[in-house]
Amino acid sequence: MIRKNIKRMTIFLIVILAIILLKNQYSSLLLQNASYGMPALIKRQNVENLFLGSSMFRQGIDILELNAAFPDKNYILAYNGNQPATEYLELKNLLENDVKIKNLYVDMYVYSAWEQPEISDEKLLLETTLSQKWSLYRTIFPTVSPESVQYLWELFITSNNELLLTWPLNYFILNRQFLDGGSLIAAEPASLSVLDNYVAPEIDSKMNSTQELYLNSLITLASNYDCNLIFVETPKYSTITNDSAYLNAMAEYCAFLENKQVSYIISDNTYNQLCISSTDYALSYTFEHNNTDYFTDAFHLSSIGKKQFTKILLSRLYPDTIIP
């Protein structure tokens, strides 16, 4: 009887282990024909304009405006809380899978570059293999600790289980919310009182060393694959753009990119307050940072703001092109 129980337990553990391995290695296959994510872009193999970033891009770049100007040439790859460390690993995954990228626009969000590496969006784990998840894990926890062991469990065992258990329904709902990676969900403006009550978050005095390392790696990787690289600051509400800590961080970010001879485009508010002189790498755009119709919170644009910003961005990036 004891031997039978041991055998049953062994079979049970083997089945569980097989399910875990299959989930972590092959879950990306579920998204090959999706309207968002890395697997769909890998299947596509070619993109002229790739916007790689966080929710700043998901709620700040309008895919319909992009496609109106340049049909079938755009893709937005955005994850909540996306940071330079994870953006590098995402870009590496695309390029190593032979995705050809002409223009690469990267989210210039200082708060993510000043933070310790972490994964804020579990959906990213659906799109990666075992080895890629391990790279993410080692990036976040280079040394072993009690916290790292708990995170290992969450990363490989519990992440996305509820989503996968109801996958047909979730996939149907999610797929209708995106087009070429761009969100189609309407975002309503916030009220003046709500926006004015936002306080700029605290931020360290300098860029996180790990994020800086991966920013360097991302720039080198883009250069090696002949991607035209441009960093983009999306508009923030005036309570953020006028904050001294935010401006100090942006000054360091701009100086970093200047030193690497990498192009970037920032708001005129940031450009003027930092007293940036005309360079070969800096470009600015004009935006109404006090217009409440344009913001859903202090960091994210409403649907109206997203449409307006995308038009402005296109006119600055392609001044000789008539934008519809």
Side-chain angles (χ1 to χ4, degrees), residues 35-36 49-70 74-82 103 105-112 120-121 177-201 230-243 246-247 249-250 253 264-274 283-319 321-324:
S35 57
Y36 62 96
N49 301 308
L50 174 62
F51 291 80
L52 175 61
S54 66
S55 57
M56 304 300 129
F57 271 9
R58 189 181 63 247
Q59 291 184 230
I61 307 295
D62 192 320
I63 190 63
L64 298 178
E65 291 298 323
L66 290 179
N67 286 348
F70 303 104
N74 313 289
Y75 203 89
I76 299 173
L77 193 62
Y79 303 93
N80 291 335
N82 217 6
N103 300 310
Y105 302 99
V106 175
D107 187 3
M108 193 178 176
Y109 184 51
V110 292
Y111 293 104
S112 68
S120 300
D121 194 338
Q177 296 176 357
F178 293 92
L179 172 67
D180 295 329
S183 175
L184 301 177
I185 298 175
E188 296 298 320
S191 66
L192 176 62
S193 60
V194 168
L195 289 170
D196 281 346
N197 281 331
Y198 273 97
V199 178
I230 300 175
F231 282 73
V232 179
E233 177 200 22
T234 58
K236 313 294 186 294
Y237 191 64
S238 56
T239 53
I240 304 300
T241 59
N242 293 327
D243 179 67
Y246 176 81
L247 290 168
M250 282 299 293
Y253 211 144
Y264 59 95
I265 180 166
I266 56 179
S267 72
D268 57 345
N269 186 80
T270 303
Y271 190 95
N272 294 331
Q273 292 203 59
L274 296 185
L283 192 66
S284 68
Y285 60 83
T286 300
F287 196 82
E288 296 178 60
H289 297 278
N290 287 311
N291 190 331
T292 57
D293 288 340
Y294 288 167
F295 294 91
T296 189
D297 59 41
F299 297 95
H300 299 96
L301 296 173
S302 66
S303 295
I304 300 170
K306 177 169 72 170
K307 182 183 180 73
Q308 180 68 10
F309 171 62
T310 306
K311 283 181 173 290
I312 291 170
L313 182 64
L314 286 170
S315 69
R316 295 297 285 133
L317 293 172
Y318 303 96
T321 301
I322 298 176
I323 305 299

Within a strict 4.5 Å, meaning less than it, do heavy atoms of the [X] and [Y] side chains meet?
| X | Y | value |
| --- | --- | --- |
| Asp268 | His289 | yes |
| Leu64 | Leu179 | yes |
| Leu301 | Phe295 | yes |
| Leu313 | Phe51 | yes |
| Tyr253 | Ile266 | no |
| Gln308 | Asp62 | no |

field: Sub-6.0 Å ring centroid separation between Tyr318 and Phe70
entry: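 Ring-ring flag for Tyr318/Phe70: true, centres closer than 6.0 Å.
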task: If a pair satisfies salt bridge (Lys or Arg N to Asp or Glu O under 4.0 Å) and one of its residues is in residues 178-194, list it, with sequence neighbours excluded.
output: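 Counting only pairs at least two positions apart or across chains, the salt bridge (Lys or Arg N to Asp or Glu O under 4.0 Å) contacts touching residues 178-194 are Arg44-Asp180.
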Applying side-chain hydrogen bond (donor to acceptor under 3.5 Å, both in side chains), name anything that partners [X], two or more places apart in sequence or on another chain.
| X | result |
| --- | --- |
| Tyr237 | Asp196 |
| Ser35 | Asn175 |
| Asp293 | none |
| Asp297 | His300 |

Can you measure from [atom1] ([X]) to [atom2] ([Y]) and round to the nearest 0.5 angstrom?
| X | Y | atom1 | atom2 | answer |
| --- | --- | --- | --- | --- |
| Leu283 | Leu317 | CG | CG | 7.0 Å |
| Thr241 | Leu247 | OG1 | CG | 7.0 Å |
| Ser284 | Asn272 | OG | CG | 6.5 Å |
| Phe178 | Ile185 | CZ | CD1 | 6.0 Å |
| Ile63 | Leu184 | CD1 | CG | 8.5 Å |
| Leu192 | Asn197 | CG | CG | 9.0 Å |

message: Checking Ser193 now: which residues fulfil side chain to side chain contact (heavy atoms under 4.5 Å, CB included) with it, not counting sequence neighbours?
response: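 Checked Ser193 against side chain to side chain contact (heavy atoms under 4.5 Å, CB included); matches are Ser191.
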field: Pairing residues for Asn242 by the side chain to side chain contact (heavy atoms under 4.5 Å, CB included) criterion, not counting sequence neighbours
entry: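 Once residues adjacent in sequence are excluded, the partners of Asn242 under the side chain to side chain contact (heavy atoms under 4.5 Å, CB included) criterion are Ser238, Asn269, Gln273.
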Quick check against the 3.5 Å criterion: does [X] have a side-chain atom that pairs as donor or acceptor with the backbone of [Y]?
| X | Y | result |
| --- | --- | --- |
| Thr234 | Gly60 | no |
| Ser302 | Gly305 | yes |
| Glu233 | Ser267 | yes |
| Asn82 | Gly53 | yes |
| Asn74 | Leu66 | yes |

Taking all non-hydrogen atoms of both residues, which atom of [X] and which atom of [Y] are closest, and how far apart?
| X | Y | result |
| --- | --- | --- |
| Ser54 | Ala78 | O-CB, 3.2 Å |
| Thr292 | Pro189 | O-CB, 3.5 Å |
| Ala186 | Ser303 | CA-OG, 3.3 Å |
| Ala200 | Thr239 | CB-O, 4.1 Å |

Taking ring pair (Phe, Tyr, Trp, His ring centres under 6.0 Å) as the test, write out the residues that go with [X], two or more places apart.
| X | result |
| --- | --- |
| Tyr75 | none |
| Phe231 | none |
| Tyr285 | Phe309 |
| Phe299 | Tyr111 |

task: Tell me, with the steps shown, if Phe57 and Tyr105 meet ring-ring contact (aromatic ring centres under 6.0 Å, His included).
output: CA-CA 10 Å; Phe57 271 9; Tyr105 302 99; 8.2 Å; no
message: Pair Asn80, Arg58 - check side-chain contact (heavy atoms from CB on, under 4.5 Å), show working.
response: CA-CA 9 Å; Asn80 291 335; Arg58 189 181 63 247; 2.7 Å; yes
- request: Might you work through the side-chain contact (heavy atoms from CB on, under 4.5 Å) test for Lys236 and Met56, ending with a clear yes or no?
  value: CA-CA 9 Å; Lys236 313 294 186 294; Met56 304 300 129; 4.0 Å; yes
With Asp121 via salt bridge (Lys or Arg N to Asp or Glu O under 4.0 Å) - residues at least two apart: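 Result, salt bridge (Lys or Arg N to Asp or Glu O under 4.0 Å) vs Asp121: Lys123.
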